[in-house]
Amino acid sequence: MMKNIEIAQILRELGGYYEMKNEPFKPRAYEKAADSVESLDEQLSQIYRAGGFKGLLTLAGVGQGIAEHIEELLQTGRLKKYEALKRKMPVNLTELTSIGGIGAKTAGELYKKLKVKNLKDLKKAVAGHKLARIKGFGKKTEENIAKALDVQGTFTKRYLLGYIYPIIEKLRVKLENSGKFTKLMVGGSYRRRQETLGDIDILAVAKHEKQAIEYFTNLPEAGRVLRRGGLSEIKLFNGIQVDLKIVPESSWGAAAVYFTGDLAHNIKMRKMAIERGLKLSEYGLTPASPPPHEGEEGRRSRRGGKSRGIAKFKTEEEVYNSLGMDWIPPELRTDSGEIEVAQKGKLPKLIDYGDVRGDLQVQTNWTDGTASIEEMARAAIELGREYIAITDHTKTLAMTGGLDEKKIREQGKEIDKMNAKFQISNVKFRILKGAEVNILKDGTLDIADSTLAKLDVVGASVHSHFKLSREDQTKRIIRALSNPNVDIFFHPTTRIIQRRDPIDFDFVQILKAAKKYRVALEINAYPDRLDLHDKMIRQAVEAGVKLVINTDAHATKHLGFIQFGEAQARRGWARRGDILNTLSADALLKYFKK
DNA sequence: GCCGTTTTCGGCCCGACTGTTTTCAGTCG
């Protein structure tokens with residue numbers, strides 16, 4: 001059965017073919033459908049099985065035509081239309097358009113003139129200096145493509161937010177303290193707190209533009225300077241690209257909106273402006289331009305965007321308000337309904353950074369952690385936490401030296417001692433007894449119920465049998481959640497970003513079970529987990545299932561990851577009330593008592 | 001090809017940059 005990612009690629013390539021043919025609008029339609037398919041949580045095959053052709057039509061950007069394509073692909077594994085186009089133009093578009101500066105049209109020209117079908121052909125053509133001779137190409141174009149081909153080997157990977165964060169924060173503070181800027185903000189996917197980042201966009205108002213650019217491009221952190229100017233680009237030594245865009249104070253609001261929302265959010269915002277007879281850009285709001293055929297006047301305002309009558313905004317609030325909606329938190333700016341809800345003034349009050357009061361998944365040197373119980377506790381106190389739960393692995397996770405029932409009891413005694421010590425020295429902090437127990441293949445747990453019953457917090461997690469069928473996996477997990485000792489389902493999907501796919505289960509069923517058995521789902525804040533992810537969090541919130549945010553710390557410095565879990569919760573529209581460990585330890589334990 | 005608190009037809013985001021042009025097309029974010 002074809003996977004979403006394969007189907008999305010074919011749709012995208014179809015769009016490319018239409019682009020080559022200079023068809024208007026179709027390319028965008030296919031691209032949009034491809035994006036939509038790619039971002040699905042469920043497999044198309046699943047949606048099709050459950051809802052048939054109508055199920056496909058419910059997807060954003062998928063109408064009659066594309067739904068038919070998808071149906072054909074699912075049923076036969078092939079698409080006649082695609083194959084016909086491919087026969088006429090046997091070009092590997094995905095490959096060729098991955099080269100910077102080459103889009104579908106250029107690829108089409110290269111095929112028509114030079115029979116270039118793929119990267120190999122392209123390299124040969126460039127080496128033979130054949131490009132420069134094509135009309136409309138020239139020497140410079142050939143050089144640029146040659147360069148882009150070189151760069152391709154070291155192609156741009158994405159970075160985990162949690163690992164890049166401290167580097168960028170340091171840079172941000174440095175820039176702010178440099179005295180060169182009156183305003184500065186890290187925007188883009190960083191401000192939206194996406195799981196991974198491609199590059200870093202910084203927006204700033206400069207005191208003296210020239211000096212500011214000079215300062216930025218001469219930073220010792222800058223390994224390479226790619227561009228100098230109102231838009232400057234540097235590459236740090238670790239390879240991450242940082243762009244600095246200098247804007248006038250007067251259009252700060254519009255620029256901040258523009259450089260924060262993702263593509264879809266920005267497009268929707270501009271549509272909102274159009275509905276009001278306006279045009280939104282990074283400079284502000286202008287009256288919509290006259291139709292293009294009106295000559296000089298129309299052309300000028302179409303290009304510069306700096307024509308008369310521009311309404312500028314100093315704050316983001318002003319931009320959102322003037323388009324008839326409330327200010328939208330950056331983490332929500334992904335066109336996932338936030339604009340419509342903001343128009344009704346119904347955005348939820350999201351959980352805030354710092355709202356989490358305790359950490360309920362912490363490993364120590366009793367298993368695969370690096371620090372002792374006391375060291376972890378002290379570090380948590382340092383960060384202002386009120387409690388932590390020690391949740392070392394259990395016995396079937398042999399590689400970590402998982403604890404058995406006897407060891408768990410021993411550890412409990414040590415925790416009692418520590419808590420007594422805190423009480424005597426009047427430290428308001430509590431260590432909870434817990435465990436991260438393994439869900440076995442059949443859904444039973446690897447620690448006896450009598451032992452689990454004495455713990456404060458029991459987290460259950462999947463560490464084996466990742467490849468069970470959807471049905472078996474769902475059944476197995478529900479059985480584990482039905483154990484009355486289980487309080488939290490740890491890192492539910494087990495995905496590891498850029499390394500391991502999520503396991504397959506029926507999330508709706510899991511949510512029902514979690515609600516029925518009063519089990520909280522974890523938002524694991526560890527940078528390469530962030531599990532649950534945003535859409536699932538939103539589903540859980542809508543289903544009324546409670547969540548917790550934990551770091552899964554294996555060392556003291558990991559305890560600071562909590563903010564990335566809070567960010568993830570915000571991206572999933574969670575409010576403080578949805579997150580159990582925003583409660584005091586007493587209230588939390590009362591909830592877990594069931 | 002998709003989509004609709006004005007529309008089942010007639011629209012479809014905006015601007016910068018680059019290279020090749022002498023007024024514009026393609027690519028990118």
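Residue numbers begin at 1 in each chain, while the letters A, B, ... track the order of the sequences.
In this structure, A:Ile145 places its CD1 atom 11 Å from C1' of B:dG26, rounding to the nearest Å. Rounded to whole Å, the distance from CD on A:Glu31 to C1' on B:dG26 is 14 Å. Spacing between atom CD of A:Glu282 and atom P of B:dA16 amounts to 6 Å, rounded to whole angstrom units. In this structure, CG of A:Asn266 is placed 13 Å from P of B:dG15, rounded to the nearest angstrom. Atom NE2 of A:His265 is separated from atom P of B:dC14 by 15 Å (rounded to the nearest Å). Rounded to a whole Å, the NZ atom of A:Lys245 is 13 Å from the P atom of B:dG15. Between A:Lys268 atom NZ and B:dC12 atom C1' the separation is 14 Å, expressed in whole Å. We find that CG of A:Asp243 is positioned 13 Å from P of B:dC17, with the value rounded to whole Å.
Between A:Arg192 and A:Glu338, none of the side-chain N atoms (NZ, or NE/NH1/NH2) sits under 4.0 Å from a carboxylate O, so this pair counts as no salt bridge. Of the charged side-chain nitrogens involved, at least one lies within less than 4.0 Å of a carboxylate oxygen, so that A:Arg28 and A:Glu31 count as a salt-bridged pair. Ion pairing between a basic and an acidic side chain is recognised when a charged N comes within 4.0 Å of a carboxylate O; A:Arg495 and A:Glu195 show such pairing. Ion pairing between a basic and an acidic side chain is recognised when a charged N comes within 4.0 Å of a carboxylate O; A:Arg172 and A:Glu169 show such pairing. Contact check on A:Glu214 versus A:Lys180 returns no salt bridge, with no Lys/Arg side-chain nitrogen under 4.0 Å from an Asp/Glu carboxylate oxygen. Between A:Glu38 and A:Arg12 there is a salt bridge, since a side-chain N of the basic residue sits under 4.0 Å from a carboxylate O of the acidic one. The pair A:Glu221-A:Lys170 fails the salt-bridge criterion, with no side-chain N (NZ, NE, NH1 or NH2) lying under 4.0 Å from an Asp/Glu carboxylate O.
A:Lys139 comes within contact range of the sugar-phosphate backbone alone, with a heavy-atom separation under 4.0 Å but no base atom that close.
Within the structure, a side-chain polar atom (N or O) of A:Thr141 is placed less than 4.0 Å from OP1 or OP2 of B:dT20. The phosphate of B:dG19 has OP1 or OP2 within less than 4.0 Å of a side-chain N or O from A:Asn144.
Nearest to the side-chain atoms of A:Ser281 among the listed nucleotides B:dT20, B:dG15, B:dT18 stands B:dG15. Closest to the side chain of A:Lys271, from the set B:dT20, B:dG15, B:dC12, is B:dC12.
Straight-line distance between the C1' atoms of B:dT18 and B:dT23: roughly 15 Å, to the nearest whole Å. For the C1' atoms, the distance linking B:dG11 with B:dT6 amounts to 13 Å, nearest Å. For the P atoms, the distance linking B:dT22 with B:dG29 amounts to 28 Å, nearest Å. The separation of B:dT21 from B:dG26, taken at their P atoms, amounts to 14 Å, rounded to a whole angstrom. To the nearest whole angstrom, the two P atoms, one in B:dG15 and one in B:dT20, are 26 Å apart.
Contacts classified as ring-ring contact (aromatic ring centres under 6.0 Å, His included) and involving residues 175-223 of chain A (residues at least two apart or in different chains) are given here: A:Tyr165-A:Tyr190.
Remark: B:dA16 base-pairs with B:dT27. Criterion, Watson-Crick or G-U wobble with two distances under 3.5 Å.
A donor-acceptor contact closer than 3.5 angstrom links the side chains of A:Arg571 and A:Gln568.
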Protein-nucleotides 27-29 of chain B N/O pairs closer than 3.5 Å?
unit_1 : atom_1 : unit_2   : atom_2 : d
B:dT27 : OP1    : A:Gly103 : N      : 2.6
B:dT27 : OP1    : A:Gly103 : O      : 3.1
B:dT27 : OP1    : A:Thr106 : N      : 2.9
B:dT27 : OP1    : A:Thr106 : OG1    : 2.5
B:dC28 : OP1    : A:Gly101 : N      : 2.8
B:dG29 : N2     : A:Tyr258 : OH     : 3.0

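Once rounded to the nearest 0.5 Å, the distance linking CE of A:Met2 with CG of A:Leu44 reads 10.5 Å.
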*Base versus backbone protein contacts along nucleotides 1-7 of chain B [heavy-atom cut-off under 4.0 Å; B, S, -]*: BSS----
